[in-house]
Amino acid sequence: MATITYLEPYKADEKRYENGMAYTRCGKSGLQLPRLSLGFWWNFGGIDTYYTSMQKVLRAFDSGVFCFDLANNYGPPFGSAEDTFGKIYHDNLRPYRHEMIVTTKAGYNMWAGPNGIGSTRKMLMASIDESLQRLKMDYVDIFYSHRYDSETPIEETMQALVDIVHAGKALYVGLSNYPAEHLPKALYYLSTHDVPCLIYQGRYNMIERGAEDAHFTILDRYGTGFTAFVPLAQGILSNKYLNGIPADSRAALGHHLSPDKITPDLVARLTQLNTLAAQRGQSLAQMATSWLLAKKEVTSVIIGPRTMEQLEDSLGAVKNCTFTADELATIDQILAV
């Protein structure tokens, strides 16, 4: 691993692609993605220490993780995660731009007024320009429509994505958080306008398995890859809550997770999962991520470590992605799925 001193120009580890990371092709495309992608939701914004963010990004890159997942409103505050990455890129990673896959999204709350949210052409076109400014880049590799917008015709949203690619502002497009009943229409539009959807990003983990019901079949039909986010169910699938609710945890702070979700029954189930993970030589968080990587439908898993220790733990998940039938059955039994 390259030493990060802050005093000398960063030089990537020459063995970064030999450090244990695995890679796989995305859907039916020729593009390869690392099995783990580094996500910037919440832990890389303006309220976070810049040098900690830089350490995590450069450590991930030295470990063979070259896909960085952002959105225009990641932070907090909105835009600050892209600002952070843009500075890290400008100061350290510019020589490696062609190795990197940088993604961003638009569709959720971003600015004031009725057009500051949604998947309209205006929102997407304005967002990609602002994102590129913050990222200090000429293009992103993947631009996502971040959400299905029932108030905007799908054709309007998809044509905006097509035009963004034709304008050279993105190489590929992706979709995220689209209900299964609306996904085929979006995928069909893109495929018939010569800009097929490269990848779909969905919520998926050992507890939340809705993507299995319909999304996987649809995505396979169109040759679209799948990236899983919230692999740890916002920290639930870790050892964080086995002995109470830590003061600095999402549940304690109310960051998209309320304390009442951490029930005695859940803790009992997590304790059983933790025992199984230990038998596999893993932490619970590693096993939860490995479980996703073992799924043939999953191209990449987005990790969002708050600390360097969490990052190191997540990187270890790629070392053991094989589960026996008994282990899988035990997990399903513990979680009552």
Side-chain angles (χ1 to χ4, degrees), residues 1-4 12-24 32-44 52-69 99-101 204-208 226-243 246 248-250 270-324 326-328 330-331 334-335:
M1 180 181 74
T3 300
I4 303 169
D13 189 338
E14 294 181 357
K15 296 184 178 180
R16 57 190 173 278
Y17 299 116
E18 304 170 21
N19 286 334
M21 184 52 57
Y23 307 93
T24 189
Q32 294 198 53
L33 294 182
R35 299 309 312 278
L36 298 178
S37 299
L38 187 64
F40 279 66
W41 180 57
W42 204 267
N43 288 325
F44 291 84
T52 298
S53 296
M54 183 179 72
Q55 279 186 308
K56 289 187 288 185
V57 170
L58 300 186
R59 172 66 178 122
F61 192 68
D62 280 340
S63 302
V65 175
F66 57 78
C67 183
F68 303 102
D69 181 80
E99 298 180 33
M100 299 159 57
I101 301 294
Y204 185 41
N205 53 62
M206 288 199 298
I207 296 174
E208 301 165 288
F226 180 87
T227 292
F229 68 86
V230 293
L232 307 185
Q234 296 171 328
I236 290 176
L237 290 169
S238 71
N239 61 8
K240 184 178 298 182
Y241 298 108
L242 296 182
N243 298 295
D248 63 345
S249 65
R250 287 185 187 272
L270 294 176
T271 300
Q272 294 180 67
L273 289 174
N274 192 55
T275 299
L276 176 60
Q279 293 171 354
R280 288 172 46 83
Q282 294 182 303
S283 68
L284 176 52
Q286 285 176 334
M287 185 177 75
T289 303
S290 296
W291 182 88
L292 287 168
L293 294 173
K295 299 288 185 178
K296 63 180 178 60
E297 297 89 352
V298 174
T299 307
S300 188
V301 174
I302 298 172
I303 58 173
R306 181 172 57 86
T307 65
M308 286 292 288
E309 291 75 18
Q310 290 175 358
L311 173 60
E312 295 295 343
D313 189 69
S314 295
L315 292 172
V318 298
K319 297 178 181 178
N320 183 8
C321 298
T322 301
F323 289 79
T324 68
D326 286 344
E327 287 174 332
L328 293 174
T330 299
I331 290 170
I334 291 172
L335 295 174

CA sep, side-chain torsions, deciding dist, call: K319, Q286, side chain to side chain contact (heavy atoms under 4.5 Å, CB included): CA-CA 9 Å; K319 297 178 181 178; Q286 285 176 334; over 6 Å; no
Under 3.5 Å donor-acceptor, K56 side chain and R306 backbone: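 Checking the backbone N and O of R306 against the side chain of K56, a donor-acceptor pair under 3.5 Å is found.
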Donor-acceptor pair, side chain of N19 and main chain of D62, under 3.5 angstrom: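 Side chain of N19 to backbone of D62: a pair is present.
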Would you compute the distance between atom [atom1] of [X] and atom [atom2] of [Y] and round it to the nearest 0.5 angstrom?
X	Y	atom1	atom2	value
K240	L284	NZ	CG	11.5 Å
R59	L315	CZ	CG	6.0 Å
D69	I302	CG	CD1	3.5 Å
Q234	F229	CD	CZ	9.0 Å
L36	L292	CG	CG	10.0 Å
L38	F40	CG	CZ	5.0 Å

Pairing residues for L328 by the side chain to side chain contact (heavy atoms under 4.5 Å, CB included) criterion, not counting sequence neighbours: W291, F323
Contacts of T307 that satisfy side chain to side chain contact (heavy atoms under 4.5 Å, CB included) - sequence neighbours left out: E309, Q310
Grab the two heavy atoms, one from [X] and one from [Y], that are nearest each other, plus how far apart they are.
X	Y	result
F44	G39	CE1-O, 3.3 Å
A285	L232	O-CD2, 3.5 Å
R35	T299	NE-O, 3.0 Å
Y204	V298	CE2-CG2, 4.0 Å
V318	G20	CG2-O, 3.5 Å
N43	S53	O-OG, 4.1 Å

N205 and E208: CA distance, side-chain angles, deciding distance, side chain to side chain contact (heavy atoms under 4.5 Å, CB included) verdict: CA-CA 5 Å; N205 53 62; E208 301 165 288; 2.7 Å; yes
Identified side chain to side chain contact (heavy atoms under 4.5 Å, CB included) counterpart of L237 within the set T289, V230, L270: L270
Any residue meeting side chain to side chain donor-acceptor pair (under 3.5 Å) with [X], in chain and number order, not counting sequence neighbours:
X	value
S300	S37
S283	D313
Q32	none
S290	Q282

Contacts of type salt bridge (charged side-chain N to carboxylate O under 4.0 Å, His left out), residue [X], not counting sequence neighbours:
X	value
K295	E212
E297	none
R16	E99
E18	none

ring-ring contact (aromatic ring centres under 6.0 Å, His included) partners for F66, two or more places apart: Y23
Salt bridge (Lys or Arg N to Asp or Glu O under 4.0 Å) pairs, two or more places apart, involving residues 277-293: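 Listed by first then second residue: R280-E327.
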